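The structure appears right after this line, and notes come after that.
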Amino acid sequence: MLLQKKIKEEIQIILKSEFPELTEENLKAIQVDASKSSSYGDFSTTCSLAFAKVLKKAPILIANQIKNNLEEKLSDIYSIEVAPPGFVNFTLTNKGFNELVKSLNKDELIEKNTDKAPILIEYVSANPTGDLHMGHGRGAVVGSALASIVKATGRQVGTEFYINDAGEQIQKLGQTAWSLYSKEPSQSDQYPPELVEPYTKDLKEGLSFDELTELVKNKILEKQKKVLSSLKVNFDRWISEKNDLHNNGKLTGALNKLKEANLTYSKDEALWFKSTDLGDERDRVLVKSDGRATYLAGDIAYHLNKFERYEEALNLWGADHQGQEVSMQVALKALGNNPDKFQILFIQFVSLVENGQELKMSKRQGTLITIEEVLEKVGPDAFRFFLLLSHVNNRLAFDLDLALRTDDQNPVFYVQYAHARACSILRNATTSQVDGEEAICSIDEIDNAVESEEIFNKCFDEKLSEQEIQATKNLILKLSFFNDEIQRSADNLNPSGVAHYLIDLANLFHSFYSHCRVLDYENKTLTLARLSLIRAFQRILKTGLETLLITAPERM
RNA sequence: GCACUUGUAGCUCAGUGGAUAGAGCAACCGCCUUCUAAGCGGUCGGUCGCAGGUUCGAGUCCUGCCAAGUGCGCCA
């Protein structure tokens, strides 16, 4: 078990016995974090500050109580300082650092927690009427990374893409396709023909309008799947509005539920949802006067179905869909679902910057930049990493020039390079050299090295420079917070923390690399000690990158 | 007009109510006889949009204002 977790548990035991008025929830919230500055030790906790009010006691007294109780217990692992107004700071001994690296090499890197309810993440859900653009790309990247992170923490996750293949947009697509296919004059309000044309080539003759529409839709969908898959985005299920809701009675079922709950009325030959009564700004149409269901009706049916299968649901929607949120929330609530279990993240727009200029984009003029175009230039890893760096609530300027560069300006290369360097060291250590020199050691020797405090202490030998020792400690400390970072990202449903963590980690590794020579035939003990740290680093960086669905190359 | 989101270094962005607000890029100065210089070290750079409030403590929470983006269809 990681040292900070051990410390946390000790504090919980102390506070529980000293202050029985603290609730389980209070105790659970205790955090042992990295200290802000090395002058405050290695780990610190602010729990005495947080509990001062509940306990009606000066924080410094609580802090001292923690210190006095904890001090004798593990004095070979850390020393404790209390700083006003009530911080408790822990400074690790060499043995403490050894314990950390041991855990990082032996334990599961990401703690599994199965208490949390299964969650369904719906994302992308673009219309099957054209190419996916960068806004979809952002949703795709964030959604897939999020699903992966949450899954890594042991929680059950399902992912779905909802295909809006039953509405008016698909009709318009059909009309455009039809005029291209039948050479009949085009009607108004259609899709730009040049965007549809590639899908109407080489079709057999004699197709009906519906057959043609279905065929073109499927071709577009296949292309979307292909593009997503090259971004490493795959879904557990693709839900078709037409086949999975309209044609099998689920839509009618949902409408009946709303009717039974007396939440609908008829007006102007349309069926309306009395959403104003429930807090919406106006009533919404469910079935249009031509007898077709609206998008909202289908979406309500879909979400009712989601909650039959999952306890919680998360949607990643484009910012242009924010008007739907209230209607959906009130509908679900009115039909007996807990609104706290349904959450929507709105993806703000991505703009593209090239040569320092923001590119003007318009769907109608066909100047919308597609995922494919950007992906072709920068590749999936840079594509993913850049879009993961900022929170979806924030508008994002994607700098094509920067992402195109394959040098140190591009953070994804910086991180991947750190991994390649670590692999290179491990490879050089464990394989015999071209000049016939034997390998320094085997993987087993490295794994065993960390078990020996004597070997590991070489990392902190007094003959080493202060810089070397500090670089080593900094790297170990950062590594020890990998699990915390993953858990926090999973809890907050925000993968950007992991991406930033990996940059910081790579930074500390590069610093360690330049200060600390690892392979040294003259000093095998120090070499082994440092290799055990490199091994932990490599394992964690690889896991981190792969959790974000980004490759961790062994050579670059 | 109303609703949602955003406002932090020249630029792109991090920042769980806790200590001295961070990173990358840009600018400037150094570092390759040794494991990958796609790297490292250093300098410069901030009234955290503005004004109040809550708190022992606010970039973080609340209110108002200002600015930007988005939404306000029998489109999806």
Side-chain angles (χ1 to χ4, degrees), chain A residues 29 31 33 35-37 39-40 44 46 49-50 52-53 58-59 83-87 89 125-127 129 164 166-170 172 241 267-272 281-282 284-290 292-296 298-299 318-326 344 346 348-349 351 353 356 386 389-399 402 405-411 413-414 416-418 420-429 440 467 471 484 488 491-492 496-497 499-501 503-504 506-507 509-520 527 530 534 555-556:
Chain A
Q31 287 189 41
D33 291 318
S35 296
K36 278 261 165 75
S37 150
S39 56
Y40 303 137
S44 20
T46 58
L49 294 165
K53 192 168 283 176
F87 295 97
N89 297 329
S125 298
N127 287 341
T129 53
N164 308 134
E168 222 161 273
Q169 299 299 325
I170 206 87
K172 286 184 189 168
E241 181 181 5
K267 191 181 94 183
D268 302 333
E269 292 174 45
L271 183 70
W272 291 74
E281 59 188 14
R282 58 185 177 79
R284 311 277 170 174
V285 173
L286 293 166
V287 180
K288 296 185 268 182
S289 50
D290 66 1
R292 306 177 73 104
T294 59
Y295 177 82
L296 176 65
D299 218 18
D320 52 337
H321 289 69
Q322 59 170 257
Q324 291 159 241
E325 181 175 18
V326 175
I344 304 173
F346 289 100
Q348 297 297 328
F349 290 121
S351 61
V353 176
F386 268 85
L389 282 172
S390 65
H391 193 276
V392 290
N393 281 348
N394 223 320
R395 285 203 308 279
L396 175 75
F398 190 102
D399 190 331
L402 188 58
R405 293 178 78 141
T406 52
D407 62 19
D408 59 337
Q409 296 189 7
N410 189 334
F413 284 91
Y414 184 77
Q416 289 181 320
Y417 183 53
R421 270 183 152 179
C423 288
S424 173
I425 295 177
L426 289 168
R427 202 163 47 231
N428 291 342
I440 298 179
Q467 278 180 317
D484 280 9
R488 192 157 70 89
D491 289 345
N492 300 343
S496 74
H500 284 277
Y501 171 87
I503 293 178
D504 290 348
N507 184 341
F509 170 76
H510 285 308
S511 179
F512 170 82
Y513 180 96
S514 42
H515 286 116
C516 305
R517 169 86 201 176
V518 176
L519 301 182
D520 181 357
T527 299
R530 286 182 168 166
I534 298 278
R555 292 170 202 268
M556 286 176 77

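Keep in mind the model is a prediction, meaning the values are calculated, not measured. Convention: sequence-line order gives letters A, B, ...; per-chain numbering from 1.
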CD1/Ile344(A) to CD/Gln322(A) distance, rounded to the nearest 0.5 angstrom?
10.5 Å
Where the chi angle of C44(B) falls, syn if within 90° of 0 and anti if not:
anti
Length of the line joining [X]:[atom1] and [N]:[atom2], which is rounded to integer Å:
| X | N | atom1 | atom2 | answer |
| --- | --- | --- | --- | --- |
| Glu281(A) | G73(B) | CD | C1' | 12 Å |
| Ile344(A) | A3(B) | CD1 | P | 18 Å |
| Ile425(A) | G39(B) | CD1 | P | 16 Å |
| Arg530(A) | C35(B) | CZ | P | 15 Å |
| Gln416(A) | G24(B) | CD | P | 18 Å |
| Phe413(A) | G24(B) | CZ | P | 18 Å |
| Ile440(A) | U34(B) | CD1 | P | 16 Å |
| Phe509(A) | G39(B) | CZ | P | 13 Å |

On the nucleotide [N], are OP1 or OP2 found under 4.0 Å from the side-chain N or O atoms that [X] carries?
| X | N | value |
| --- | --- | --- |
| Arg421(A) | A37(B) | yes |
| Tyr513(A) | A37(B) | yes |
| Tyr501(A) | G22(B) | no |

Report which part of the nucleic acid [X] touches: base, sugar-phosphate, or nothing (heavy-atom distance under 4.0 Å, all strands).
| X | answer |
| --- | --- |
| Cys423(A) | nothing |
| Ser39(A) | base |
| Asn89(A) | base |
| Thr129(A) | nothing |
| Tyr40(A) | base |

Contacts of Val287(A) that satisfy side-chain contact (heavy atoms from CB on, under 4.5 Å) - sequence neighbours left out
Leu255(A), Leu271(A)
Between [M] and [N] - [atom1] atom distance, rounded Å:
| N | M | atom1 | result |
| --- | --- | --- | --- |
| A26(B) | C13(B) | C1' | 15 Å |
| C35(B) | U43(B) | C1' | 30 Å |
| G10(B) | U20(B) | P | 23 Å |
| A14(B) | G57(B) | C1' | 23 Å |
| C28(B) | G53(B) | C1' | 44 Å |
| G49(B) | A67(B) | P | 16 Å |
| U12(B) | G7(B) | P | 13 Å |
| C66(B) | C75(B) | C1' | 34 Å |

List the protein contact pattern of nucleotides 53-58 of chain B with one symbol per nucleotide (5' to 3'): B for base contact, S for sugar-phosphate-only contact, - for none; contact means a heavy-atom distance under 4.0 Å.
------
Going 5' to 3' through nucleotides 10-17 of chain B and flagging B where a protein heavy-atom sits under 4.0 Å of the base, S where only the sugar-phosphate is that close, and - otherwise, we get --SSSSB-
Cation-pi check, Arg421(A) to Tyr513(A): give yes when NZ or CZ is under 6.0 Å from the six-membered ring centre and within 45° of the ring axis, no otherwise.
yes
Identify the pairs formed between an N or O of the protein and an N or O of nucleotides 74-76 of chain B at a distance under 3.5 Å, and give each distance.
from	atom 1	to	atom 2	distance (Å)
C74(B)	O2	Ser289(A)	N	2.8
C74(B)	O2	Ser289(A)	OG	2.9
C74(B)	N3	Ser289(A)	OG	3.2
C74(B)	N4	Asp268(A)	O	3.2
C75(B)	OP2	Glu168(A)	OE1	2.7
C75(B)	OP2	Lys288(A)	NZ	2.8
C75(B)	O2'	Gln169(A)	NE2	2.7
A76(B)	OP1	Glu168(A)	N	3.3
A76(B)	OP2	Tyr295(A)	N	3.1
A76(B)	O2'	Asn127(A)	OD1	2.7
A76(B)	O2'	Asn127(A)	ND2	3.2
A76(B)	N1	Gln324(A)	OE1	3.1

[X], nearest nucleotide to its side chain (from [options]):
| X | options | value |
| --- | --- | --- |
| Ser511(A) | G41(B), G69(B), U36(B) | G41(B) |
| Asn393(A) | U6(B), G24(B), C35(B) | U6(B) |
| Leu519(A) | C35(B), G39(B), C40(B) | C35(B) |

What are the two closest non-hydrogen atoms of [X] and [Y], and how far apart are they?
| X | Y | result |
| --- | --- | --- |
| Ser496(A) | Leu389(A) | CB-O, 3.7 Å |
| Phe386(A) | Leu396(A) | O-CD2, 4.4 Å |
| Phe413(A) | Met556(A) | CD2-CE, 3.8 Å |
| Ile440(A) | Thr527(A) | CG2-CG2, 4.1 Å |
| Leu519(A) | Ala429(A) | CD2-CB, 3.5 Å |
| Gln348(A) | Asn393(A) | CG-O, 3.0 Å |

Does Gln169(A) form a side chain to side chain contact (heavy atoms under 4.5 Å, CB included) with Asn164(A)? I'd like the steps, not just the answer.
CA-CA 9 Å; Gln169(A) 299 299 325; Asn164(A) 308 134; over 6 Å; no
Between Arg488(A) and Asn492(A), does the side chain to side chain contact (heavy atoms under 4.5 Å, CB included) criterion hold? Intermediate values first, please.
CA-CA 6 Å; Arg488(A) 192 157 70 89; Asn492(A) 300 343; 3.6 Å; yes
The criterion is ring pair (Phe, Tyr, Trp, His ring centres under 6.0 Å); which residues satisfy it with Tyr501(A), sequence neighbours excluded?
Phe482(A)
Ring centroids of Phe87(A) and A19(B) base under 5.5 Å with planes under 30°:
yes
Base of U70(B), side chain of Gln322(A) - is there a donor-acceptor contact under 3.5 Å?
yes
Runs of at least three Watson-Crick or G-U pairs with RNA chain B, cut-off 3.5 Å
B:1-7 with B:66-72, B:10-13 with B:22-25, B:27-31 with B:39-43, B:49-53 with B:61-65
